[in-house]
Amino acid sequence: MLRQGAEVYKATITATGASLVRLEKNFSFVLSPKAPYNFELTAKKPAGWDLFTPFEVFEEGTMWTALHVDGMLVGLKLKSTEETDSPRISVTAFLAREPDDKEETIKGILAEKLGVNDELSQFYGFARRDPILKHAVDDLYGMHDTLGGSVFDLAILTICLQMAPLKRSEQMMECLVSRYGRVAEFDGRRVAAWPVPSEISVVSIKELESRCKLGYRAKYVIQLAKILEGGAFPTLEDLARLPAEESKRRLMELPGIGDYSADIINPRAGFPIDAWSVDVFGKLFFGREPKNARDAIERVKKEGIRRWGRWSWMAFFYVAQDLENLSKKLNVKLRLQ
DNA sequence: GCGTCCAGGTCTACC
DNA sequence: GGTAGACCTGGACGC
């Protein structure tokens, strides 16, 4: 038996150590996002950013994914039933037990995470007057920003990205998910979800160091788990309602979370420049990659915020998803992720 | 095969 | 308040 808050699951252990949980109850509903809304671009972003977990599956317009909502493991089958200008998303949510009074909670949180009520028209009006963004919004018309599964998921992501090549970051994350996460079995699929804080807070630093090769990051991940398992820290949805500066300040109180990581986690705010994106935006802004990437981070970040102001995050998001097209249209070679 | 370098940042001690 | 140096690990690279 697994216990998570009030939730108790019947579970078996998979070969990797993750718990397999069968989600046999389900309910369905339809979301009607504000147009334009392109479900495929929003759910399966061109740069490969995950919606909720690295193990989700997208086939022929349908997404199977899994996350924790209000302490419950939820499997999701998402499918677009209409076009970008009259969008509708068909959702089936799978749970281990009857949803009872949780249906409205799940509907509300999912709507917020999928950005169905977010208005793109103001950003598009701004972007169409910008020499770089006008191409990106044309290429990715209807792509909405989404909130990840949880602060813990995104904090693990950013900590694994620190001081490591992308391939090694992926190895660390896959190990954490496959050994300490839960595998949701539903609709004939198996999807591994990120671990919850209470599953990591009881693991020793030495175990994380040796099993998942996290190195110095192990202590940050465990400290984070201990802070976040209490539920006192704001959720992503809470942070999205705070002023961006306040939300960032709260995030930077967390261990291992500095300026860059807070900008990644902070919902719909920030301009997260790192050793990769400094090359991309350095080329776009100044026509060349900076000689010393780390020294140029502050300069490139200031320029992005100066140009794009309140739309800095959306500008970053759209450019990061459109590098291949922008390389051709602007005739610059941009380093893909 | 072996040694060296360094990577999608953050923290801390020191000045 | 500003900044240099340490931090895990493993893949890439040169020899």
Side-chain angles (χ1 to χ4, degrees), chain A residues 45-50 54 148 151-180 200 203-228 233 247-266 269-285 288-305 312-313 315-324 326-327 333-337:
Chain A
K45 298 179 182 68
W49 297 8
D50 304 317
V151 171
F152 190 51
D153 301 353
L154 294 178
I156 291 177
L157 167 74
T158 63
I159 285 171
C160 290
L161 285 174
Q162 293 167 14
M163 280 296 288
L166 197 54
K167 192 173 176 184
R168 181 156 143 63
S169 300
E170 286 169 354
Q171 285 172 353
M172 290 187 268
M173 287 187 279
E174 285 187 16
C175 177
L176 283 168
V177 174
S178 62
R179 287 190 180 272
Y180 301 102
I200 296 292
V203 178
S204 71
I205 294 176
K206 281 205 175 306
E207 181 178 328
L208 274 198
E209 282 175 347
S210 59
R211 280 183 113 184
C212 291
K213 310 293 183 194
L214 257 65
Y216 71 93
R217 301 170 194 81
K219 72 171 186 296
Y220 291 144
V221 170
I222 290 170
Q223 286 170 355
L224 269 169
K226 288 180 175 167
I227 291 170
L228 296 176
F233 195 83
S247 172
K248 182 167 179 175
R249 189 188 64 74
R250 294 296 310 269
L251 288 165
M252 287 181 68
E253 289 170 358
L254 296 171
I257 303 301
D259 183 77
Y260 164 76
S261 299
D263 274 352
I264 293 280
I265 303 168
N266 204 0
F271 197 67
I273 296 299
D274 59 16
W276 158 73
S277 55
V278 76
D279 286 347
V280 170
F281 287 92
K283 268 195 168 177
L284 289 172
F285 295 159
R288 62 183 186 282
E289 284 183 8
K291 283 181 185 163
N292 186 323
R294 291 202 187 275
D295 290 348
I297 285 175
E298 199 55 37
R299 187 163 51 94
V300 169
K301 182 164 181 154
K302 272 187 183 159
E303 176 61 13
I305 292 169
S312 296
W313 166 252
F316 180 94
F317 172 56
Y318 262 75
V319 168
Q321 304 303 322
D322 199 36
L323 296 175
E324 213 166 334
L326 288 176
S327 289
K333 192 169 171 53
L334 299 173
R335 202 173 120 201
L336 301 182
Q337 288 182 303

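Protein chains get the first letters and strands the later ones, always in sequence-line order, with residue 1 at the start of each. When reading the values below, keep in mind they use all heavy atoms of this one structure, side chains included, and skip hydrogens, waters and symmetry mates. Fair warning: this is a prediction, and the values are worked out from it, not measured in the lab.
- Remark: C1' of dC11(B) and CG of Leu224(A) are 14 Å apart, rounded to the nearest angstrom.
- Atoms OH (Tyr216(A)) and C1' (dT10(B)) sit 7 Å apart, rounded to a whole Å.
- When each of dT10(B), dT9(C), dC8(C) is scored by its nearest atom to the side-chain atoms of Lys213(A), the top-ranked nucleotide is dT9(C).
- Nucleotide dC11(B) holds its C1' atom 12 Å from the CD1 atom of Ile159(A), rounded to whole Å.
- Straight-line distance between the P atoms of dG8(B) and dC13(C): roughly 13 Å, to the nearest whole Å.
- Looking at which nucleotide of DNA chain B each of Pro165(A) and Tyr220(A) is closest to, the 5′-most match is held by Pro165(A).
- Nucleotides dT12(B) and dC8(C), compared at atom P, are 13 Å apart to the nearest Å.
- Nucleic acid contact for Ser261(A): sugar-phosphate only, since backbone atoms but no base atoms lie under 4.0 Å from a heavy atom of the residue.
- Atom P of nucleotide dT10(B) and atom NZ of Lys219(A) are separated by 13 Å, given to the nearest angstrom.
- Rounded to whole Å, atom C1' of dG10(C) lies 13 Å from atom CG of Leu214(A).
- Contacts of Ile273(A) with the nucleic acid, taken as non-hydrogen atoms under 4.0 Å apart, are absent.
- Ion pairing between Glu298(A) and Lys301(A) fails under the 4.0 Å rule for side-chain N and carboxylate O.
- Taking 4.0 angstrom as the limit, Gln162(A) places none of its side-chain polar atoms (N or O) nearer than this to OP1 or OP2 of dC7(C).
- Counting non-hydrogen atoms under 4.0 angstrom, Gln171(A) reaches the backbone sugars and phosphates but no base.
- A 3.5 Å limit on both hydrogen-bonding distances identifies dA4(C) as the Watson-Crick or G-U partner of dT12(B).
- The distance from atom CD1 of Ile264(A) to atom P of dG8(B) is 13 Å, rounded to the nearest whole Å.
- Residue Glu209(A) is the one, among Lys167(A) and Glu209(A), whose nearest nucleotide of DNA chain C lies closer to the 5' end (criterion: closest heavy atom).
- The distance from atom CE of Met163(A) to atom P of dG9(B) is 7 Å, rounded to the nearest whole Å.
- Scanning atom types as modelled, one donor and one acceptor separated by under 3.5 angstrom connect the side chain of Arg168(A) and the base of dC8(C).
- In this structure, Arg217(A) does not reach the dT9(C) phosphate: none of its side-chain N or O atoms is under 4.0 Å from OP1 or OP2.
- For dT9(C), the paired base is dA7(B) (Watson-Crick or G-U wobble, both distances below 3.5 Å).
- Between Glu253(A) and Arg249(A) there is a salt bridge, since a side-chain N of the basic residue sits under 4.0 Å from a carboxylate O of the acidic one.
- Using the six-membered ring where Trp is involved, Phe281(A) and Phe316(A) have ring planes that are parallel, under 30° apart on the 30 and 60° scheme.
- Note that CE of Met173(A) and OG of Ser178(A) are 12.0 Å apart. Values are rounded to the nearest 0.5 Å.
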Side chain to side chain contact (heavy atoms under 4.5 Å, CB included) between Phe152(A) and Phe233(A), worked out: CA-CA 10 Å; Phe152(A) 190 51; Phe233(A) 195 83; over 6 Å; no

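- Residue contacts for Leu208(A): at a heavy-atom cut-off of 4.0 Å it reaches no nucleic acid atom on any strand shown.
- Atom pair Met252(A):CE and dC11(B):C1' shows a separation of 11 Å (rounding to whole Å applied).
- If you check every strand for non-hydrogen atoms under 4.0 Å, Leu166(A) touches a base.
- Between the CZ atom of Arg168(A) and the CG atom of Leu214(A) there is a distance of 7.5 Å, given to the nearest 0.5 Å.
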